[in-house]
Amino acid sequence: MPVFKRDDVELYYEEHGMGFPVLLIAPGGMRSAVSFWERTPWNPIDQLAPHYRVIAMDQRNAGKSVAPVRPTDSWHVYTADQLALLDHLGIDRFHVAGMCIGGPYIMGLIQAAPRRVASAVVFQTIGLDDNRQAFFEMFDSWADELRPTRPDVSGATWESFKKSMYGGDFLFNVSREFVSRCQTPLLVLLGNDLHHPQSSSREVAALAPNATLIELWKEPEHQPAAKKAVEEFLAKHTPR
């Protein structure tokens, strides 16, 4: 079981295939872990591993990854984990594909290391649209699972962490102004439910200068075309 240890953080990850690297950021909210890809319309590990070096990971305190919980935790600690794992694997430039909470994580990576991200595929990003309470409840459910093993973490720490994650606007971790300046090529696949509102996907696609929106992709009859679009998008933006 490959585990990358970084100070007091242990990150579980998997590698599949060979070629230009693709970092996969799974859905699942705070529980974002490799295993969630088995529950999605199609599994990008299976799709991409024949052509790329696919790195899939469990985010801290999800799946098999563990880390401390601190009141200063927020989106930036996840970005630091992701970049540290790539550094550990000797990867400089990479594509990134993410679903759900992967949307903000992708934008955080582009903001922190724009030169390193060759392109990004954003599957049904989360975003704020009269649904903040749903994110607070999702966080609390995850935190309640961890509390028995974290007796040292105070209630105030959990609250601070929660509000740092989901107290913001838009995608929670980046601004509309940042997305409007984002030159990274983006392929945006539309969300359509409470945690992944259409408005968030559409706004990202409208704001970003080099974004393409795919509206239909989940249903079996639309999956072949959507898969082909993902493959062509990544191939187009893979450095020679």
Value rounded to 0.5 Å, distance of [atom1] in [X] from [atom2] in [Y]:
X: His76; Y: Asn173; atom1: NE2; atom2: CG; answer: 11.5 Å
X: His195; Y: Asn131; atom1: NE2; atom2: CG; answer: 7.0 Å
X: Leu146; Y: Ser141; atom1: CG; atom2: OG; answer: 10.0 Å
X: Leu83; Y: Tyr78; atom1: CG; atom2: OH; answer: 15.0 Å
X: Ser65; Y: Met57; atom1: OG; atom2: CE; answer: 6.0 Å
X: Gln124; Y: Ser201; atom1: CD; atom2: OG; answer: 7.5 Å

What is the minimum heavy-atom distance between [X] and [Y], and which atoms define it?
X: Pro148; Y: Pro151; answer: O-CD, 4.0 Å
X: Ala226; Y: Trp217; answer: CB-CB, 3.5 Å
X: Gly168; Y: Leu128; answer: O-CD2, 3.6 Å
X: Pro2; Y: Tyr13; answer: CG-O, 2.7 Å
X: Cys182; Y: Ile110; answer: SG-CG2, 3.8 Å
X: Ala211; Y: Ala205; answer: CB-O, 3.6 Å

Contact between [X] and [Y] at the side-chain level, heavy atoms closer than 4.5 Å - yes or no?
X: Val22; Y: Phe94; result: no
X: Val3; Y: Lys64; result: no
X: Gln82; Y: Gln59; result: yes
X: Arg132; Y: Phe172; result: yes
X: Arg31; Y: Glu145; result: yes
X: His88; Y: Leu11; result: no
X: Met165; Y: Asp73; result: no

Between [Y] and [X], is the closest basic N to carboxylate O distance under 4.0 Å?
X: Arg147; Y: Asp144; answer: yes
X: Lys227; Y: Asp46; answer: no
X: Glu159; Y: Lys162; answer: yes

Quick check: is [Y] connected to [X] through a chain of hydrophobic side chains (ILVMFWY, heavy atoms under 4.5 Å apart)?
X: Leu23; Y: Ile91; answer: yes
X: Val66; Y: Ile25; answer: no
X: Ile126; Y: Val174; answer: yes
X: Phe36; Y: Val54; answer: no
X: Met18; Y: Leu24; answer: no

Can you give each donor-acceptor pair under 3.5 Å made by side-chain atoms of residues 95-106, sequence neighbours left out, with the distance rounded to 0.1 Å?
residue: His95; atom: ND1; partner: Ser119; partner atom: OG; Å: 2.8
residue: His95; atom: NE2; partner: Leu234; partner atom: O; Å: 3.4
residue: His95; atom: NE2; partner: Thr238; partner atom: OG1; Å: 2.9

For this session: Decide yes or no on salt bridge (charged side-chain N to carboxylate O under 4.0 Å, His left out) for Glu215 and Arg202, but give the supporting numbers first.
Result: CA-CA 9 Å; Glu215 296 197 12; Arg202 292 188 185 281; 3.0 Å; yes
Tell me if a side-chain donor or acceptor on [X] pairs with a main-chain N or O of [Y] at a distance below 3.5 Å.
X: Trp37; Y: Pro44; answer: no
X: Ser160; Y: Pro71; answer: yes
X: Ser74; Y: Ser164; answer: yes
X: Gln223; Y: Lys218; answer: yes
X: Asp58; Y: Val34; answer: yes
X: Arg116; Y: Asp92; answer: yes
X: Arg115; Y: Arg93; answer: no
X: Thr212; Y: Leu187; answer: no

Exercise. Mind checking whether Phe139 and Trp158 have parallel, tilted or perpendicular rings, split at 30° and 60°?
Worked result: perpendicular
For this session: Show the numbers, then the answer: is there a side chain to side chain contact (heavy atoms under 4.5 Å, CB included) between Leu207 and Phe170?
Result: CA-CA 12 Å; Leu207 286 170; Phe170 188 38; 3.9 Å; yes
Problem set entry | Heavy atoms from other residues, nucleotides or ligands near CG of Asp8 exceed 12 (cutoff 6.0 Å) |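 Yes, enclosed.
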For this session: Apply the test salt bridge (charged side-chain N to carboxylate O under 4.0 Å, His left out) to residues Glu177 and Arg181: give CA-CA distance (whole Å), side-chain angles for both, the deciding distance (0.1 Å), then the verdict.
Result: CA-CA 7 Å; Glu177 195 271 336; Arg181 291 185 287 104; 2.5 Å; yes
Problem set entry | Residue from Phe161, Trp142, Phe136, Phe135 passing ring pair (Phe, Tyr, Trp, His ring centres under 6.0 Å) with Tyr166 |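 Of all the options given, the one that passes is Phe135.
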